[in-house]
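Written below as structure tokens is the structure these notes are about.
Numbers here are sequence positions counted from 1.
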Amino acid sequence: MTRIKVDVAIIGAGSAGMTAYRAAKAHTDSIVVIEGGVYGTTCARVGCMPSKLLISAADAAHMLALAPSFGVMPGAIKVDGREVMARVRRERDRFVGFVVESVEAWPEEHRLRGKATFLSAHELLVGPSTIVEADRIVVATGSSPFVPEGWREALGDRLLVNDDVFEWTDLPSSVAVVGSGVIGLELAQALHRLGVTVRLYGRSRVIGPLSDPVVAAEATRIFSEEVPVSLGAKVTPSLTEDGRVLVVSENSEGVRSTETFDFLIAATGRKPNMLGIGLDKAGIGLDSYGLPMVDRATGQSTCPHIFVAGDANGMADILHEAADDGRIAGDNAGRYPNVRPRPRRAPLGIVFSNPQIAMAGATFRQLTESGAAFEVGEASFADQGRSRVMLENHGVIRVYADSATGTFLGAEMVGPSAEHIGHLLSWSVQRRDTVQQMIDSPFYHPVVEEGVRTALRQIQRKLVIPPPPPEACLDCLPGS
């Protein structure tokens with residue numbers, strides 16, 4: 001049995017683990033990063049970049065189909081599935097290569113391969129024969145796709161998760177996508193636009209992650225008009241005699257329908273990789289879901305020398321959030337016991353559907369459930385000038401502001417250029433801009449952002465904010 005003693009041990013070399021390593025290394029060189037799988041972040045291998053490559057191909061096909069509406073006749077449109085997937089895999093491998101090169105450039109003594117499990121609050125068993133004794137530990141084990149119980153046994157290799165899609169060498173003829181959240185929406189729409197027969201199934205009655213009922217309803221309407229959907233449905237899959245996937249769905253009224261596909265993609269969310277790492281032996285306090293209780297400002301678990309970062313904490317499966325978690329946890333692990341709370345950036349979420357979805361700052365649900373007093377402004381993109389020029393005139397934005405101060409709180413939208421508008425609005429949330437300050441900022445013409453100004457002006461008309469007190473008269477002060 002080999003024994004290694006270090007100041008800091010980091011479990012996982014994904015986005016959070018890599019960032020934690022860089023942050024901790026600023027304080028100590030006695031550090032090891034333990035990885036039981038392949039190097040390469042989830043984003044690079046199966047998440048952000050591969051899905052955007054598939055979506056970009058779908059967008060190109062869609063623009064060609066839309067071209068006659070502009071009077072441009074591109075001729076026959078042919079989607080070569082092999083070429084589409086060859087580019088996806090080629091570019092995916094390129095992105096993964098950059099990540100692997102970065103990790104392999106670390107000193108060899110800082111890298112350890114093998115699955116890590118806790119033996120105690122300060123000891124980790126790595127593989128069959130190595131014990132790492134660490135003063136501080138960062139758990140950055142990431143997450144994995146969730147698959148409903150029994151589906152793997154029922155469907156075998158006809159069941160896919162989103163990770164599997166990016167290993168295809170060709171596009172299939174038909175696919176059932178189960179799960180109407182971010183991953184399911186992006187994959188279903190992209191595959192539909194690339195000529196694959198698709199049906200999107202969702203237990204929810206809405207499509208996407210939106211919580212504002214007005215925006216969610218508009219998004220559901222838009223996507224349902226393009227992609228075949230079955231919402232509010234309970235799904236039971238099985239294999240036919242010839243090895244295809246039979247999907248039986250039943251809606252809330254008890255109406256059943258059946259359809260057959262080549263494959264089923266389970267896009268039913270992700271789960272933190274926490275099973276089997278011996279959290280009970282570490283003595284970490286767990287919540288009702290069996291996940292570590294974590295202070296997001298410090299990254300600390302209930303064991304103050306054990307930190308949790310990234311998807312492993314189950315809070316937000318988003319790369320920039322995972323990187324922030326890693327930076328905070330790694331920095332505090334490196335400087336422990338001199339732990340420092342760190343402010344979080346304003347929330348920002350984007351879905352790369354078409355039209356795109358963005359959620360910046362506080363969501364409608366968060367504001368409502370908190371009991372906050374807030375005003376809502378709304379603008380439609382249906383007749384917004386620049387959107388109509390581009391034939392992207394669909395969607396709606398709703399913005400929220402504090403009733404008493406006019407401080408901008410957040411927004412939800414589905415519509416054109418949402419990835420860019422979402423950034424601008426999240427910056428305003430982080431600066432604590434008022435609605436008036438945002439309106440006073442420059443808006444060029446004609447741009448999609450003019451729709452944001454329309455929504456802000458609607459809020460401004462609802463706000464009743466007393467003027468600031470007049471400046472004190474120095475000549476009137478006592479003793480003057």
Side-chain angles (χ1 to χ4, degrees), residues 1-42 99-144 272-286 291-292 294 298-313 322-323 325-340:
M1 188 71 71
T2 303
R3 181 173 286 269
I4 300 171
K5 182 172 173 54
V6 294
D7 289 344
V8 178
I10 299 170
I11 310 174
S15 299
M18 292 177 68
T19 310
Y21 169 77
R22 290 189 287 267
K25 194 172 181 294
H27 303 285
T28 177
D29 202 47
S30 176
I31 187 170
V32 66
V33 179
I34 306 162
E35 176 56 66
V38 297
Y39 288 140
T41 64
T42 298
V99 177
V100 173
E101 286 175 11
S102 177
V103 174
E104 292 183 342
W106 298 347
E108 186 175 353
E109 62 271 20
H110 290 180
R111 293 178 278 125
L112 182 61
R113 301 306 297 268
K115 178 178 171 58
T117 56
F118 280 95
L119 296 176
S120 69
H122 285 280
E123 291 180 307
L124 299 166
L125 175 64
V126 181
S129 58
T130 301
I131 293 177
V132 174
E133 182 181 344
D135 289 339
R136 292 91 73 188
I137 298 172
V138 177
V139 180
T141 46
S143 63
S144 301
N273 294 330
M274 285 295 185
L275 288 178
I277 68 169
L279 291 178
D280 54 329
K281 295 180 180 177
I284 298 175
L286 306 179
L291 299 177
V294 181
T298 64
Q300 287 176 293
S301 69
T302 56
C303 287
H305 71 279
I306 300 178
F307 301 79
V308 184
D311 294 2
N313 64 29
D325 282 347
R327 175 178 54 84
I328 293 168
D331 179 63
N332 280 328
R335 67 170 63 250
Y336 185 84
N338 182 24
V339 172
R340 296 180 180 178

Calculate, to the nearest 0.5 Å, the distance between atoms [atom1] and [atom2] belonging to [X] and [Y] respectively.
| X | Y | atom1 | atom2 | result |
| --- | --- | --- | --- | --- |
| Thr19 | Ile328 | OG1 | CD1 | 11.0 Å |
| Phe118 | Asp280 | CZ | CG | 10.5 Å |
| Met18 | Ile10 | CE | CD1 | 11.0 Å |
| Glu123 | Thr117 | CD | OG1 | 11.0 Å |
| Ser301 | Leu286 | OG | CG | 9.5 Å |
| Lys5 | Asp7 | NZ | CG | 7.5 Å |

Ignoring hydrogens, what is the shortest heavy-atom contact between [X] and [Y]? Give both atom names and the distance.
| X | Y | value |
| --- | --- | --- |
| Ala121 | Ile137 | O-CD1, 3.7 Å |
| Gly114 | Ile34 | O-CG2, 3.3 Å |
| Gly285 | Thr302 | N-OG1, 2.6 Å |
| Val33 | Gly12 | CG1-O, 3.7 Å |
| Phe307 | Ala333 | CE1-CA, 3.6 Å |
| Glu104 | Arg111 | O-NH2, 3.5 Å |

Checklist entry - Would Ile277 and Ile11 count as a side chain to side chain contact (heavy atoms under 4.5 Å, CB included) if you check the C-alpha gap in whole Å, the side-chain angles of each, and the deciding distance to 0.1 Å? => result CA-CA 10 Å; Ile277 68 169; Ile11 310 174; 5.6 Å; no
Taking [Y]'s backbone N and O only, do any of them form a donor-acceptor pair with [X]'s side chain (distance below 3.5 Å, no angle check)?
| X | Y | result |
| --- | --- | --- |
| Asp325 | Gly310 | yes |
| Arg335 | Gly330 | no |
| Arg136 | Gly334 | yes |
| Asn332 | Arg340 | yes |
| Thr141 | Asn273 | yes |

Is any side-chain heavy atom of [Y] closer than 4.5 Å to one of [X]?
| X | Y | result |
| --- | --- | --- |
| Val8 | Lys25 | no |
| Ile306 | Ile284 | yes |
| Pro272 | Asp311 | no |

Checklist entry - His27: what forms a ring-ring contact (aromatic ring centres under 6.0 Å, His included) with it, not counting sequence neighbours? => result none
Checklist entry - Parallel, tilted or perpendicular for His122 and His305, by the 30°/60° rule? => result parallel
Next on the checklist: Consider side-chain contact (heavy atoms from CB on, under 4.5 Å). Of Val132, Thr130, Ile131, which one does Leu125 pass it with?
Outcome noted: Ile131
Item to check | Pair Met274-Val139, side chain to side chain contact (heavy atoms under 4.5 Å, CB included): steps then yes or no | outcome: CA-CA 9 Å; Met274 285 295 185; Val139 180; 3.8 Å; yes
Item to check | side chain to side chain contact (heavy atoms under 4.5 Å, CB included) evaluation trace for Ile31 with Tyr21 | outcome: CA-CA 8 Å; Ile31 187 170; Tyr21 169 77; 3.7 Å; yes
